[in-house]
Amino acid sequence: MIRRLMKTLVGAAVFAAFAGGVAAQDSKVADEIAKYREALADGNPADLFELKGEGLWTEKRGPKNASLEQCDLGQGPGKLEGAYAALPKYFKDTGKVMDVESRLVHCMVTLQGFTQAEVTKQWYSKPGKDSDIEALVTYIGAKSNGMKINVPATHPEEAKMAKMGEYIFYRRSGPQDFSCAICHGQEGKRIRLQELGNLTTQDGAGFAMKTWPSYRVSQGTVWTMQRRLIDCMRQARWPEPNYLADSIIALETFLQKTATGTVMETPGIKR
Amino acid sequence: MNFKFGLFFGLTVAFAAPAFAQKALEAPGGKYAKDAEQVFRSSFRDDNPKYWMSRLAQDETMKTCGQYRDNPPRKIGEKLEKLNAATIRYPVEGKLIGDWKEGEKLAAVGTGGHIGFIQPDPAGKLRGGNCYACHQLAKKEVAYGTIGPSLQHFGKIRGNSDEIIKYAYDKIYNSNAFSACTNMPRFGLHNWLTPEQITHIVAFLVDPESPVNKD
Amino acid sequence: MGNPMKIRAANKDGVTEVKVLVSHEMETGQRKDSAGAVVPAWFITELTAKHGDKTVLSCEFGPSVSKNPYLAFKFKGGAKGDKITVSWKDNKGDTRSDEVAIA
Amino acid sequence: MNNQRRTVLKSGSGAALLGMLAAAGIITPGMALADWNKSAFDAKSMADTLKALGAGSPADSKDVQVTGPDIAENGAVVPVGVSASLPNISMVAILIEKNPNALAATFVLPEGTEANVQTRVKMGQTSNIYALVKSDGKFFMATKEIKVTLGGCGG
């Protein structure tokens, strides 16, 4: 026992001796990563998606030859300012808590006359195959830039969604024992060189949520929040959820509720 | 996975839990926990093969950790630790230290085991330990995570006694044998890494020639 | 045809800075798809920027320029309201031109 | 200039000849502007690329700078720039030593355009990045190493 303690103490001392050097190296790495991110921030390719999304929003399309300009994203028909920041939200007309993507799809179906299958077939882009949804969500998101995330989840259905999201956040399973909380439940950690927000606090959830949708340089496209969370489940080595699934909307509600009050900075750009 | 043991243990927890439950922090989901489980389960694509869906199953450790937000009362934690310690298996030849060069490769690989339809790993893709995602190891790799403690100079600091070697092996095989609800996966329990692969990572950690200790 | 570019041009102290984002796949020809087949190369080969009728930059790109290419450069002259035109051509013969007034 | 290019194309057989001519310094990339410099972009090694660009073995110059971070968070998009303070710069090129084809981009700068360009490139791995500039008809070079890191949860 004492020997073990001694070992630990010696270990700690050796450790401390190295810590200085390690810290210096670390801060240099952090500086260079910051430089990298700064260089990408001016000239975010997400701007191209926003531009395209604006065109898609106003263009008359679909069997009903209608634009999306009458789409009600929760702030009234055609009102985009702040809409993204206030979603997910309960909608009386559908009786459901909907996120920006499920509501957008709803509008494309009801206003433009597309089928749900047509609209969601290309919900994310593949090389050479653009996704209208990515472009539209980037455009809608940008209309909340500078506004505060505002999802108090006061409606009973919203409150229930947020609680269910919390449950899913902590739920562990799969061959790596993962849950969302494992990587996103603590302060000041990073995975490889990427900072991980503590998504259970306003600061952490705000830091994460305010920059979506975001251009992923590793993927060469904008990721929506649905894509982000569905990919988290892929990384957890789980099976694949349905696009627009309630479990994803529940997580979004939990995160947006936690992030409420944070000012949006979107579209973002990430590795 | 030892489901029988798990079930037995589950019953124990069911009786024990109320006494130690932290009243301030309710279990995630509160009164909607059951609804949430059902919503979660029914959210997956119908064309996910059955064996993929089995990855949503939870053993007692997973369930309990979720319930306590990964911070179970000590008494429950201790029980989980015992339960997990009992799962550890060793290589047939009994040698717990392998080839650090193989371990070095495994430590860097973060892919393998991804399923789904969007970006699944191709068949036969090497499953790695993804150690650098969370730990600092060799000095030359600057892109390391900090979810776990730094393991740089692991062997240099702790030596390579049989005791240390066994500790490293056991910890990788089943991390929850030491601290219940840790963030670290149970690599051996889930057959994510074979016992032989684990010995390679042990070597990467303790071998004096390994870049973990040499640089 | 492709999607529209985003061009910004601003004059400051007699120097015009131009920043261009281009929507393009920039496929290297070395990547394999999920079925293991090589995805053919598809990338912008040439890009030209003009101030009015005068060429101010002409570039040749290879496939190692990133997807959705970004370009920034500066030239002497240019006045507020002058037209900047950017045109590109890719290895499949597709072309596109967009323009913006100097701010 | 244009006439000369046409003559070359008429009398020769495509890229190979162009490359040879370029290597011999008879034509320069600037002159062959309307045609993508296939031989230079197809070249694999640094030496072959420099040859195809007609640059031979350029002198290192402190007046040429490669700008960019020391570390890239992802190799798919690495911001790099070239700036130079040499006189009469007519051409700038960016080369990535360890990519399958070293040449990433060339920029022809007419008079009045500053020798200061920025773009973003793909890097397969950690590598030296070279900036090549042509000043008063002579070639100069500078280099910088950029480290490409793995990232995220999937390594």
Side-chain angles (χ1 to χ4, degrees), chain A residues 25-48 127 174 176-184 189-197 208 214-223 228-238 268-271, chain D residues 64-84 92-101 104-107 109 113-131 133 142-155:
Chain A
Q25 189 195 1
D26 260 9
S27 83
K28 171 136 184 7
V29 170
D31 286 352
E32 292 302 322
I33 291 287
K35 232 165 109 184
Y36 173 87
R37 290 175 187 168
E38 205 183 302
L40 295 189
D42 185 27
N44 181 351
D47 293 353
L48 296 166
Q176 298 256 276
D177 294 305
F178 285 153
S179 69
C180 306
I182 286 189
C183 292
H184 297 285
K189 305 286 184 186
R190 56 172 219 229
I191 190 155
R192 290 276 187 173
L193 291 172
Q194 285 70 46
E195 297 83 2
L196 297 160
S214 221
Y215 186 80
R216 294 287 315 273
V217 304
S218 54
Q219 313 289 326
T221 193
V222 164
W223 274 23
R228 172 62 278 171
L229 292 173
I230 287 173
D231 194 69
C232 286
M233 297 199 178
R234 182 184 72 92
Q235 294 288 15
R237 272 73 174 182
W238 294 342
I269 183 162
K270 293 171 194 296
R271 72 162 284 283
Chain D
V64 181
Q65 277 179 324
V66 188
T67 56
D70 293 356
I71 297 174
E73 215 176 354
N74 194 281
V77 182
V78 182
V80 290
V82 177
S83 63
V92 166
I94 296 171
L95 293 85
I96 304 158
E97 188 173 21
K98 288 195 181 159
N99 272 10
N101 304 102
T106 62
F107 307 85
L109 315 176
T113 298
E114 293 183 6
N116 184 348
V117 293
Q118 277 133 48
T119 187
R120 295 169 185 166
V121 296
K122 297 169 201 159
M123 293 177 67
Q125 57 182 303
T126 297
S127 171
N128 282 325
I129 305 255
Y130 290 88
V133 308
T143 184
K144 171 189 179 70
E145 189 192 56
I146 297 186
K147 211 183 261 274
V148 173
T149 58
L150 289 173
C153 30

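Chain letters run A, B, ... following the sequence lines, proteins first, then strands; residues in each count from 1.
- Side-chain contact between A:Pro45 and D:Arg120: present, with at least one pair of heavy atoms (C-beta onward) separated by less than 4.5 Å.
- When A:Arg37, A:Lys270, A:Arg192 are each tested for a side chain to side chain donor-acceptor pair (under 3.5 Å) with D:Glu73, only one passes: A:Arg37.
- Side-chain atoms of D:Pro69 and A:Ile33, non-hydrogen and from C-beta on, never get closer than 4.5 Å to each other.
- Note that CZ of A:Arg271 is 7.5 Å distant from OG1 of D:Thr149, once rounded to the nearest 0.5 Å.
- Annotation for D:Lys147: atom NZ does not count as buried by contact number, only 12 or fewer foreign heavy atoms lying within 6.0 Å.
- A:Arg216 has its side chain out of reach of D:Asn74: every pair of non-hydrogen atoms, C-beta onward, lies at least 4.5 Å apart.
- By the neighbour-count criterion of 12 heavy atoms within 6.0 Å, atom CD of D:Glu97 is densely surrounded, having more than that number from other residues, nucleotides or ligands.
- A side-chain contact (heavy atoms from CB on, under 4.5 Å) with A:Tyr36 is found for one member of D:Val77, D:Asp70, D:Ile71 and no other, namely D:Val77.
- Chain A forms the most heavy-atom pairs under 4.5 Å with one residue out of D:Gly75, D:Ala76, D:Gly81, D:Ala72, and that residue is D:Ala72.
- Interface remark: of the candidates A:Val29, A:Leu40, A:Asp31, A:Leu40 forms the most heavy-atom pairs closer than 4.5 Å to chain D.
- Dense packing is recorded around CD of D:Glu145, with more than 12 heavy atoms of other residues, nucleotides or ligands lying under 6.0 Å away.
- The contact list for residues 230-238 of chain A toward chain D, using heavy atoms and a distance under 4.5 Å, reads A:Gln235 by residue number.
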